[in-house]
Structures are given as structure tokens and as C-alpha cells.
Amino acid sequence: MFVHRERVRFRDLDPMGHVNNAVFLTYIESARVEFLRHLGAAPTLDDMGIIVARAEIDFRAPVRLGDEVEVSVSASRFGDKSFDLEHELRVDGKVVAEAKTVLVSYDYSKREPVPIPDEWREKLAA
């Protein structure tokens with residue numbers, strides 16, 4: 001399983017001193033980009049032909065300044081044009097959030113969804 005690490009910054013915090021819920025999406029996005037680069041599916045930004053169609057997050061515990069958040073990423077479902085990524089966010093081994101994103105393979109020049117490239121499907125399923 002792929003794991004990306006993020007150190008909580010002061011700007012990530014809300015007035016209550018814990019990570020704002022919207023920042024979790026940024027952690028997940030960073031993990032997704034690194035995951036696709038790691039697999040060789042999208043080594044550059046130009047290769048990142050996807051859009052986020054859906055994001056779900058279940059929050060389990062607060063995250064605070066200086067914490068290191070480990071974000072795991074794995075592919076779980078494949079359709080013709082979309083696939084799911086599952087995420088588990090942990091601090092010191094404790095689950096602080098679980099998330100799922102639905103991603104659609106997208107041709108930005110045509111501005112339309114396209115079938116998932118076979119190369120991506122193989123790398124994501126491995």
C-alpha cells in the first residue's frame with residue numbers, strides 16, 4: 001500500500017487549533033498525485049488526465065499542529081471511465097479519517113470523460 005506523509009502546518013489550522021476539515025482534501029490530493037507519479041501512471045502534470053467526481057471523508061479524531069499525517073492510497077473499483085481510491089489517514093498509528101474519492105479519466109482538450117487507459121488500469125490494479 002502506498003503511503004504519503006504530510007506535516008501539519010500552522011495555516012492548516014482552524015480557530016480551535018485543529019486541522020480544518022477542508023484541509024483533509026488537500027492532504028488526500030497530495031497523496032493522490034504522489035501515488036500516480038509513484039506508479040508511473042502520471043509522471044507529469046500533463047499526464048494527469050483525471051477529475052474528481054466525488055469525495056467522501058469520515059472524520060475520526062482531531063489533528064493538531066506538528067502532527068505527521070500518513071495518508072495511504074489504494075485503488076478499489078474500476079469502471080469504464082472512472083475508478084475509486086480509498087484513503088486512510090493516520091497520526092501515530094491512530095486512524096484520524098477515512099476517505100474515498102471517485103476519479104474520472106478526462107480528456108481536457110475535448111472536455112469530456114474518456115475510458116481509463118489500459119496502462120493506468122494495469123498500474124492501479126497491481
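Computation of the quantities below employed the complete heavy-atom set of this structure, encompassing side-chain atoms and omitting hydrogens, waters and symmetry-equivalent molecules.
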Quick check: closest heavy atoms across H18 and P62, and the distance to 0.1 Å?
CB-CB, 4.1 Å
Pair R5 + E70, salt bridge at N-O below 4.0 Å:
yes
Student check: side-chain heavy atoms of L39 and W120 closer than 4.5 Å
no
Report yes if the side chains of V102 and E56 come closer than 4.5 Å at any heavy-atom pair, otherwise no.
no
Are the side chain of K100 and the backbone of D84 linked by a donor-acceptor contact shorter than 3.5 Å?
no
Do V104 and S82 touch side chain to side chain, with heavy atoms closer than 4.5 Å?
yes
Taking the side chain as every heavy atom from C-beta outward, state whether L13 and V23 have any atom pair closer than 4.5 Å.
no
If hydrophobic clusters are built from ILVMFWY residues whose side chains come within less than 4.5 Å, do Y27 and L65 share one?
yes
Could you tell me whether a side-chain N or O of D14 sits under 3.5 Å from a main-chain N or O of M16, the two making a donor and an acceptor?
yes
Nearest heavy-atom neighbours spanning A55 and L25:
CB-CD2, 3.9 Å
Indicate the atoms forming the closest heavy-atom contact of D80 with R121, along with that distance.
O-NH2, 3.6 Å
Under the ring-ring contact (aromatic ring centres under 6.0 Å, His included) definition, can you give me all pairs with a residue in residues 44-93, not counting sequence neighbours?
F24-F59
Would you say the side chain of R32 lies within less than 4.5 Å of the side chain of I50, judging by non-hydrogen atoms?
yes
Is it true that atom CG of D58 has more than 12 heavy atoms of other residues, nucleotides or ligands lying nearer than 6.0 Å?
yes
Validation row: V95, E88 side chains within 4.5 angstrom (heavy atoms):
yes
With E34 via side-chain hydrogen bond (donor to acceptor under 3.5 Å, both in side chains) - residues at least two apart
R37
N/O donor-acceptor pair under 3.5 Å between R7 side chain and G66 backbone
yes
Taking Y106 for the side chain and R111 for the main chain, is one N or O donor matched with an acceptor at less than 3.5 Å?
yes
If hydrophobic clusters are built from ILVMFWY residues whose side chains come within less than 4.5 Å, do I116 and V52 share one?
yes
Is there a continuous path of hydrophobic side-chain contacts, each under 4.5 Å between heavy atoms, that joins V71 to F35?
no
State, to 0.1 Å, how close S72 and M1 come at their nearest heavy-atom pair, and which atoms those are.
CB-SD, 3.3 Å
Between atom CZ of R54 and atom OG1 of T101, what is the distance when rounded to the nearest 0.5 Å?
11.0 Å
Expected output: side-chain R9 to main-chain D12 donor-acceptor under 3.5 Å
no
Note: S30 and H4 closest approach over all heavy atoms is CB-NE2, 3.7 Å
Are the side chains of I57 and I28 in contact, using a 4.5 Å heavy-atom criterion?
yes
